[in-house]
Protein chains: 2
Amino acid sequence: MSTAEETAGGEVAPWGEVTPDAARRLLVAAVEAFAERGYHATTTRDIAGRAGMSPAALYIHYKTKEELLHRISRIGHTKALDILRTAARREGTAAERLADAVSSFVRWHAGGRTTARVVQYELDSLGPEARAEIVALRRQCDAEVRGIIEDGIASGEFDVLDVKGTTLAVLSLCIDVARWFSIDGPWTPDEVGALYADLVLRMVGASK
Amino acid sequence: MSTAEETAGGEVAPWGEVTPDAARRLLVAAVEAFAERGYHATTTRDIAGRAGMSPAALYIHYKTKEELLHRISRIGHTKALDILRTAARREGTAAERLADAVSSFVRWHAGGRTTARVVQYELDSLGPEARAEIVALRRQCDAEVRGIIEDGIASGEFDVLDVKGTTLAVLSLCIDVARWFSIDGPWTPDEVGALYADLVLRMVGASK
DNA sequence: GGGGACTCTAAGCGCTCGCTCACCTTCGGC
DNA sequence: GCCGAAGGTGAGCGAGCGCTTAGAGTCCCC
């Protein structure tokens, strides 16, 4: 990731695409605040304060508080889809690709748990049009995972009763990592990624 | 469940223990509002309005808005723990008990998704003391599931690499049902419960 | 039928919210 | 050295928030 940067929290934050600098600082501050307290409990004064600016400065770069959430959500979902798509389209068996998809997707949710929490849990705070755009991205994520599982069934690697349900369960398992993962906990993002890849291979009947 | 009642949404709502009647109506209204919009986005006027009362009526039965969330959270977590404990302590093999625990826990999250959503996702909105009480209940839930898995390993039924991680993943999978399940979706709570019981047995290496 | 306990309401207090506006600085181009 | 654009500030508006208070209605016990 050429645009990745390190924040104070030690997370990978690919916000390099957001310019100018002040707009990026505000967006990063918003991600942290939304993740900590939730969208509705976060005030625009809090966001501006974290970015070292006055409350009014926020409105130079963003029309509303919701636009901030929308931008965060779109960037985050695009990144998530990119991760799954890369794993789905690499070379290898379906089992290798599924393990790759799960472990990298989980690493993203664990390592970037601040961003992931906002992206995955504040969807309902968006207005109807913004939410529709994000929901479309989610469906593409779903399709990538389902594609790998279908490939594995076709090749005889996997043994799955309910493709749709299993796809949903796999994504659900990964997404929920953002809820419980803590950097102070007993695992590193890599360890959770490896554990979950193993569990998911068992779920699709591909374990050795 | 002798105290269970049917709400307009068709959910099982075991709020019979809450008296008097006005206090229960307010609590049910609060559950619905918190589930739909989140704790912070819900106003006390909205809760009172749903219960057919004036805003001030809320404060006759509850000291603060947070007390409502606390009561909901405690009742819900107690019920969740009760479900897991019942499954864990019944007769049968570890596989049977685990399947029972998962399917009934999932049914509760799917069928009572309104309650479950509040219980599982609004924890951070509680104050420190209230949160500590709820976190203790959650740890007991974790212990029940871990107990079944450890039994299965001891009896040779299960093949698990990381007991703590697998326990967490099983609970995580079940809890996240409250996030995505919709009564308008393609599954009934029973179907999701059965699917998830199968997936979890695969995760612990107990599938036939 | 009088009095206290309980339940609920109308009105509104003090506060903080998202957001705006008038104004100030900084800076590159000519 | 002047100018307009861009980026910033302090003060504050209207609205809605959680919550309180004074008092009215209703019930039961005597």
Side-chain angles (χ1 to χ4, degrees), chain A residues 15-73 118 122-131, chain B residues 15-73 118 122-131:
Chain A
W15 304 119
E17 64 210 89
V18 181
T19 55
D21 184 70
R24 179 171 52 248
R25 270 160 46 220
L26 284 164
L27 192 127
V28 169
V31 169
E32 289 172 3
F34 292 163
E36 272 177 33
R37 311 144 84 101
Y39 174 77
H40 287 293
T42 298
T43 69
T44 54
R45 284 164 176 84
D46 183 26
I47 297 170
R50 283 172 191 250
M53 301 165 114
S54 74
L58 194 152
Y59 294 91
I60 296 164
H61 301 283
Y62 301 95
K63 244 170 53 195
T64 62
K65 178 176 143 184
E66 194 196 317
E67 192 192 324
L68 262 169
L69 178 60
H70 186 192
R71 293 269 273 265
I72 292 166
S73 219
V118 177
E122 299 292 346
L123 186 67
D124 290 341
S125 303
L126 286 171
E129 352 66 54
R131 181 161 58 236
Chain B
W15 304 118
E17 65 211 88
V18 181
T19 56
D21 183 69
R24 179 171 54 248
R25 269 158 49 217
L26 284 164
L27 192 128
V28 169
V31 169
E32 288 172 4
F34 291 163
E36 271 176 35
R37 312 142 83 99
Y39 175 77
H40 287 294
T42 298
T43 70
T44 53
R45 286 163 175 83
D46 183 26
I47 297 169
R50 282 172 191 251
M53 301 165 114
S54 75
L58 195 152
Y59 294 91
I60 295 162
H61 301 282
Y62 302 95
K63 245 171 52 196
T64 62
K65 178 176 143 184
E66 194 196 318
E67 191 193 323
L68 261 169
L69 178 60
H70 185 192
R71 293 269 272 263
I72 292 166
S73 219
V118 177
E122 299 293 345
L123 186 67
D124 290 341
S125 302
L126 287 171
E129 350 68 55
R131 181 161 59 237

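Values below: all heavy atoms of this structure, side chains included; hydrogens, waters and symmetry mates excluded. Protein chains get the first letters and strands the later ones, always in sequence-line order, with residue 1 at the start of each. All values reported here derive from a predicted model rather than from experimental measurement.
- To the nearest angstrom, P of dA5(D) lies 18 Å from NE2 of His61(A).
- Atom CD in Glu67(A) sits roughly 14 Å away from atom C1' in dG18(C) (whole-Å rounding).
- Spacing between atom NZ of Lys65(B) and atom C1' of dT20(D) amounts to 17 Å, rounded to whole angstrom units.
- Although no hydrogens or angles enter the test, the distance criterion places a donor-acceptor pair under 3.5 Å between the side chain of Tyr62(A) and the main chain of Ala23(A).
- Of the candidate nucleotides dC17(D), dG8(D), dG18(C), dG18(C) has the atom lying nearest to any side-chain atom of Thr44(A).
- Separating the CG atom of Asp21(B) from the C1' atom of dC6(C) is a distance of 15 Å, rounded to the nearest angstrom.
- Checking dG12(C), dC19(C), dT9(D) against every side-chain atom of Tyr59(A), the shortest atom distance belongs to dC19(C).
- For Arg45(A), counting side-chain heavy atoms from C-beta on, the closest listed nucleotide (dG8(D), dC19(D), dG18(C)) is dG18(C).
- In this structure, the CD1 atom of Ile60(B) is 13 Å from the C1' atom of dC19(D), given to the nearest Å.
- The closest donor-acceptor contact from the side chain of Arg25(B) to the backbone of Ala51(B) lies under 3.5 Å.
- Among residues two or more places apart in sequence or in another chain, the side chain to side chain contact (heavy atoms under 4.5 Å, CB included) test is passed with Glu66(B) by Tyr39(B), Thr64(B), Leu126(B), Ala130(B).
- As a whole-Å value, the separation of Leu58(B) CG from dT7(C) C1' is 14 Å.
- Across dG10(D), dC19(D), dG7(D), the shortest atom-to-atom separation from the side chain of Thr64(B) is found for dC19(D).
- For Thr43(A), counting side-chain heavy atoms from C-beta on, the closest listed nucleotide (dT20(D), dG8(D), dG18(C)) is dG18(C).
- Note: NE2 (His40(A)) to P (dG18(D)) measures 13 Å, nearest angstrom.
- Formation of a donor-acceptor pair under 3.5 Å by the Arg45(B) side chain with backbone atoms of Pro55(B) is not found in this model.
- One can place CG of Leu26(B) at 14 Å from P of dG18(D), the figure rounded to the nearest angstrom.
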